[in-house]
**Q** 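Can you keep this structure in mind? I'll have questions shortly.
In listed order, ligands and their atoms are each counted from 1.
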Amino acid sequence: MSDAWIADRTRAFDSSGIRKVFDLAAKLTDPINLSIGQPDFGVPLEVQNAAIEAIRGGKNGYALTQGMPVLRDKLQAQVDAAFNHPDRRVIVTSGTSGGLVLAMWSLVNPGDEVIVFDPFFVMYESLVKLIGGKCVLIDTYPDFQIDVERVAAAITPRTKLILLNSPANPTGVVASPAVVRQLAELAAERNVVLLSDEIYREFCYDEPFLTPASFNPDTLVIDGFSKSHAITGWRLGFAHGPRAIIDAMIKLQQYTFVCAPQPAQWAGAVAMDIDMSGHAADYRRKRDLLVAGLADDFELVTPGGAFYAFPKAPRGTATEFVARAIERGLLIIPGNVFSRRDTHFRISYAADDAVIRRGIDVLQKLARE
Ligand code: PMP
């Protein structure tokens, strides 16, 4: 096979950083795995049963491209009740990732600039590159709060979109209410799309979740059931935003993903009625356990949401520190996977308390060596 067969766009980015950790994980026996970005609680029984019933009931064919009414109408009613925006429409997507892909493809022309906050969810930079856009990174170290004045200064005539993710992966930081509001207003003033990735909406520990869509009716929201209901493998997400954007996304979905899996959509409609706040409360407690365990030895911004913490490596690069942690059986992710900097590392506390405690123990010992 000729190397030239592989399209150039695949060379614009690589995925080696995170893959290395997963490759190492496969070799370890009984690793202390705090690297995984998915909940450790079970799928609610009602949701499991709804998926099984859908499959047994013959709901296995293609779904409507925009989403099955059983789920889409329910989401639309929820969105209407929350925002009362006359132009806001819903699409059911193949995971939140599917929603992100469709949104980017629908909005970003080659050469357009996309403002992304560093550190960022790994997919953002690659996706922007894949469609020929240009990532304009805004550094948010050391507190990971967005400086809205810096965003205003970064906007050019080529800026198409600002990508907000709060609560954030990998930092767990929640944007302050003032930042959410100012960013929403700035996007409206400067005629730039604000894309809000709200996949960790259910995991907000210190204050209620706040969406920029409350302040800017043209905000495009990307959301999904992966994290809220522990169904990352079912590929069920949704997006809501101005009708013209959603229509473009539906058109692209038709020729790419076709639809989100049908059985998952029937189960998703059931999932919407289930109170998951007990799990969020449990994760808040896990957050507190981890933060208390690291407080004496690490520089750490207390994460207000999601299920990640992003402490600073005590010395050297994060890659070096993570390599030493992995030698002791602890799997964590070096910050350079999510960032231009290689100073911090991501810990996921979506794990059993005993595993979190073992992880804290290794980290404390490493820091004190
Ligand atoms: N956005 C963020 C910020 C995420 O962390 C993730 C998953 N790690 C996704 C989107 C994608 O989620 P999904 O499984 O719904 O595609």
Side-chain angles (χ1 to χ4, degrees), residues 15 17-19 21-22 33-41 43 47 67 71 75 90-105 114 116-128 130 135 140 144 146 161-175 194-204 209 211-212 220-240 249 253 256-257 259-261 264-265 267-268 271-272 276 283 303-310 332-333 335 337-339 346-351:
S15 62
I18 213 152
R19 226 176 30 221
V21 176
F22 292 141
N33 196 346
L34 298 181
S35 71
I36 302 199
Q38 67 182 348
D40 72 323
F41 50 81
V43 181
V47 179
L71 177 61
L75 288 166
V90 174
I91 176 179
V92 178
T93 57
S94 192
T96 308
S97 304
L100 280 165
V101 170
L102 295 174
M104 296 274 194
W105 252 326
V114 177
V116 173
F117 302 104
D118 181 342
F120 46 83
F121 169 45
V122 275
M123 193 186 206
Y124 294 165
E125 195 185 23
S126 309
L127 206 47
V128 173
L130 193 60
C135 248
T140 61
F144 311 116
I146 292 163
L161 119 86
I162 301 170
L163 245 169
L164 174 68
N165 173 220
S166 169
N169 179 4
T171 62
V173 167
V174 176
L194 180 58
L195 194 164
S196 180
D197 179 344
E198 303 185 352
I199 189 167
Y200 296 106
R201 177 170 46 90
E202 299 286 337
F203 302 92
C204 264
F209 174 75
T211 171
L220 177 61
V221 174
I222 304 285
D223 204 332
F225 294 85
S226 286
K227 317 279 175 170
S228 58
H229 294 78
I231 50 173
T232 50
W234 290 16
R235 312 315 303 138
L236 190 63
F238 60 96
H240 52 95
M249 290 170 66
Q253 175 139 282
T256 51
F257 300 95
C259 60
Q265 296 195 40
M272 284 178 72
M276 301 300 286
Y283 276 27
F307 32 74
Y308 309 109
F310 201 59
I332 46 181
I333 313 268
V337 165
F338 316 94
S339 176
R346 189 187 80 174
I347 309 173
S348 163
Y349 53 87

**Q** For ligand 1, find each of its N or O atoms that sits under 3.5 Å from a protein N or O atom, and tabulate the pairs with distances to one decimal place.
**A**
unit_1: ligand 1; atom_1: 1 (N); unit_2: Asp197; atom_2: OD2; d: 2.6
unit_1: ligand 1; atom_1: 5 (O); unit_2: Asn169; atom_2: ND2; d: 2.8
unit_1: ligand 1; atom_1: 5 (O); unit_2: Tyr200; atom_2: OH; d: 2.7
unit_1: ligand 1; atom_1: 8 (N); unit_2: Lys227; atom_2: NZ; d: 2.8
unit_1: ligand 1; atom_1: 14 (O); unit_2: Ser226; atom_2: OG; d: 2.8
unit_1: ligand 1; atom_1: 14 (O); unit_2: Arg235; atom_2: NH1; d: 2.9
unit_1: ligand 1; atom_1: 15 (O); unit_2: Thr96; atom_2: N; d: 2.7
unit_1: ligand 1; atom_1: 15 (O); unit_2: Thr96; atom_2: OG1; d: 2.8
unit_1: ligand 1; atom_1: 15 (O); unit_2: Ser226; atom_2: OG; d: 2.9
unit_1: ligand 1; atom_1: 16 (O); unit_2: Thr96; atom_2: N; d: 3.3
unit_1: ligand 1; atom_1: 16 (O); unit_2: Ser97; atom_2: N; d: 2.8
unit_1: ligand 1; atom_1: 16 (O); unit_2: Ser97; atom_2: OG; d: 2.6
unit_1: ligand 1; atom_1: 16 (O); unit_2: Arg235; atom_2: NH2; d: 2.5

**Q** Got a donor-acceptor contact below 3.5 angstrom from the Thr93 side chain to the Gly237 backbone?
**A** yes
**Q** Taking salt bridge (Lys or Arg N to Asp or Glu O under 4.0 Å) as the definition, give me every residue that meets it alongside Arg235, ordered by chain and number, with sequence neighbours left out.
**A** none
**Q** With sequence neighbours left out, write down each residue that passes side-chain contact (heavy atoms from CB on, under 4.5 Å) with Thr96, or none if nothing qualifies.
**A** Asp197, Ile199, Ile222
**Q** Enumerate donor-acceptor pairs with a distance under 3.5 Å from any side-chain N or O in residues 166-173 to protein atoms, sequence neighbours excluded.
**A**
unit_1: Ser166; atom_1: OG; unit_2: Ala175; atom_2: N; d: 2.9
unit_1: Asn169; atom_1: OD1; unit_2: Arg346; atom_2: NH1; d: 2.9
unit_1: Thr171; atom_1: OG1; unit_2: Val173; atom_2: N; d: 3.1

**Q** Could you label the plane-to-plane angle of the His229 and Phe225 rings as parallel, tilted or perpendicular, counting under 30° as parallel and over 60° as perpendicular?
**A** tilted
**Q** Could you give me the CA-CA distance, side-chain angles and deciding distance for Gln38 and Ser226, then say whether side chain to side chain donor-acceptor pair (under 3.5 Å) is met?
**A** CA-CA 8 Å; Gln38 67 182 348; Ser226 286; over 6 Å; no
